[in-house]
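Since the structure comes first, as structure tokens, the remarks are kept for the end.
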Amino acid sequence: MKLDGARVLLTGGGRGLGRHLLERLVAHGCELAVLERDESLCDELRCTHGARLQVQAADLSDAESADAGIAALLAQGFAPDLLVNNAGIIHSEPLVNMLARGERTHGLDSWRRVMAADLDSVFFVTRRVVDDMLRRRCKGVVVSISSIAAAGNAGQSAYAAAKAGVNALTHTWAKELGPLGLRFAAIAPGFIDTPSTRSALSEAALTRLQQQVPLRRLGDPESVFLALRYIAENDYVSGTVLEVDGGLSL
């Protein structure tokens, strides 16, 4: 698949890594649609890009909202060749906080919130988009943003589990639907310099991380876009998780 001019559905394109991917896809002449939960960001994207971009508000952690958002885009005639599952959140919380005065164990609400945002959303969106691809006999591509935390990262039980689930779905769907012409892959970034990364980690923690990365720096969002382009355009890539991590292993 040539990325230039492709029809791309991007989730969570309002800020951070998703916003960078959006801008680069627009620059490549893609016909682009975005599913974004934040209504104010939806309005901003519409004002910034106008007719070049279809924007639909949806909470992708909720199955009914995800279904409605995708149905609205399909009803408007948008038929994606490439789905990029980018929407999600970063969350750090230990399994047991021995210094806590109240509840010491990982919160159930935060566990469910992270799993819904980072794993359920991928399942909810992909099942509808892939069904549409199969109806159209489109040899489409699904790329999900995972993380190297999927291998296990201390202090990120929910986030690591959700991203490990994304990797498992990627492998499963590639085997299940590859014979029908669909490709699935995931990109597992290391620590990318985005606002969400900086809000989730202290400056001291970021400094320590940079010292652990063999390349001695945080990643740039452009490196993730280049990985996306590689996967989209190499028609023999499927069922893989491409790590973009500067050599860091957790």
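- When all heavy atoms of T105 and E93 are compared, the closest pair comes out as O-OE2, 4.4 Å.
- Taking CG of L45 as the reference point, atom CG of L41 lies at 6.5 Å (rounded to 0.5 Å).
- Linking ILVMFWY residues whenever their side-chain heavy atoms come closer than 4.5 Å, directly or via other members, places V143 and V34 in the same cluster.
- The number of heavy-atom neighbours closer than 6.0 Å to CZ of R137, taken from other residues, nucleotides and ligands shown, is 12 or below.
- The hydrophobic cluster containing V125 does not contain I187, counting ILVMFWY residues as joined when their side-chain heavy atoms lie under 4.5 angstrom apart, directly or transitively.
- Under the 4.5 Å side-chain heavy-atom criterion for Ile, Leu, Val, Met, Phe, Trp and Tyr, F123 and M133 are members of the same hydrophobic cluster.
- Between R15 and D38 there is a salt bridge, since at least one side-chain N of the basic residue sits less than 4.0 Å from a carboxylate O of the acidic one.
- Within the 3.5 Å criterion, the main-chain N or O of I89 finds a donor-acceptor partner in the side chain of D118.
- Taken from CD in Q156 to NE2 in H91, the straight-line distance is 9.0 Å, to the nearest 0.5 Å.
- S61 places no side-chain N or O within 3.5 Å of a backbone atom of A116 that could act as its donor or acceptor partner.
- Of all the heavy atoms in G239 and H171, the pair that sits closest is O-ND1, 2.9 Å.
- With a 6.0 Å radius and a threshold of 12 heavy atoms from other residues, nucleotides or ligands, R19 has its CZ atom above the threshold.
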- Task: For side-chain contact (heavy atoms from CB on, under 4.5 Å), just list the numbers for R24 and R229, CA-CA rounded to whole Å, side-chain angles, deciding distance to a tenth of an Å, and then say yes or no.
- Result: CA-CA 10 Å; R24 297 294 284 123; R229 182 173 184 177; 5.8 Å; no
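- Each of L82 and V122 belongs to its own hydrophobic cluster when Ile, Leu, Val, Met, Phe, Trp and Tyr are linked at side-chain heavy-atom distances under 4.5 angstrom.
- Between the side chain of T11 and the backbone N or O of A87, at least one donor-acceptor pair lies under 3.5 Å.
- Taking the side chain as every heavy atom from C-beta outward, Y230 and L242 approach each other to under 4.5 Å.
- Within the 4.5 Å cutoff, the side chain of L22 has heavy atoms near those of the H49 side chain.
- Ion pairing of R113 with D109 is absent here, as no side-chain N (NZ or NE/NH1/NH2) approaches a carboxylate O to less than 4.0 Å.
- At a threshold of 4.5 Å between non-hydrogen side-chain atoms, the residues F78 and E31 count as touching.
- To the nearest 0.5 Å, atom CG of residue L218 and atom CD1 of residue I192 are 8.0 Å apart.
- For I145 against V224, the heavy-atom pair with the smallest separation is CD1-CG1, 4.2 Å.
- A donor-acceptor contact shorter than 3.5 Å is absent between the side chain of R104 and the backbone of R101.
- A distance of 9.5 Å separates CG in L17 from CG in L228, rounded to the nearest 0.5 Å.
- Counting only heavy atoms from C-beta outward, the side chains of L108 and R112 approach each other to under 4.5 Å.
- Ring geometry for H106 against W111 counts as perpendicular: the plane angle is over 60°, on a 0 to 90° scale with 30° as the lower cut.
- At least one donor-acceptor pair under 3.5 Å links the side chain of E36 to the backbone N or O of G14.
- Put simply, CZ on F225 and CG on D220 are 12.5 Å apart, with the number rounded to the nearest 0.5 Å.
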- Please test Q210 against V213 for side-chain contact (heavy atoms from CB on, under 4.5 Å), starting from the C-alpha separation and ending with a verdict. CA-CA 5 Å; Q210 290 182 75; V213 176; 5.7 Å; no
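- Contact record, G69 with A58: CA-CB, 4.2 Å, taken as the closest heavy-atom pair.
- With hydrogens and angles ignored, the 3.5 Å screen pairs a side-chain donor or acceptor of N86 with a backbone N or O of G12.
- The pair K2-D81 does not meet the salt-bridge criterion, since no charged nitrogen lies less than 4.0 angstrom from a carboxylate oxygen.
- Proximity of L169 to S144: side-chain heavy atoms (C-beta onward) are nowhere separated by under 4.5 Å.
- Between S147 and V166, every side-chain heavy-atom pair lies at or beyond the 4.5 Å cut-off.
- Inter-residue side-chain proximity for L134 and L182 is flagged as met; some heavy-atom pair is nearer than 4.5 Å.
- V142 and L3 end up in different hydrophobic clusters when Ile, Leu, Val, Met, Phe, Trp and Tyr side chains are linked at under 4.5 Å.
- Residues E233 and V141 fail the side-chain proximity criterion, which asks for heavy atoms closer than 4.5 Å.
- Formation of a donor-acceptor pair under 3.5 Å by the R7 side chain with backbone atoms of A79 is found in this model.
- Distance alone, capped at 3.5 Å, is enough to place a donor-acceptor pair between the S110 side chain and the G107 backbone.
- Separation of atoms CZ (F184) and OG1 (T240) is listed at 14.5 Å; rounding is to 0.5 Å.
- Nearest approach of D132 to P80, heavy atoms of both residues: OD2-CD, 4.2 Å.
- A salt bridge between D131 and R127 is absent, with no side-chain N of the basic residue lying under 4.0 Å from a carboxylate O of the acidic one.
- The minimum heavy-atom distance between F124 and I70, with the atom names listed, is O-CD1, 4.4 Å.
- Other residues, nucleotides and ligands contribute only 12 or fewer heavy atoms inside 6.0 Å of the CZ atom of R217.
- Judged by distance alone, the side chain of E243 and the main-chain N or O of G190 form no donor-acceptor pair under 3.5 Å.
- A salt bridge links D43 with R46; the closest basic N to acidic carboxylate O contact falls under 4.0 Å.
- Remark: side-chain polar atoms of R183 are paired, donor with acceptor, to backbone N or O of I231 under 3.5 angstrom.
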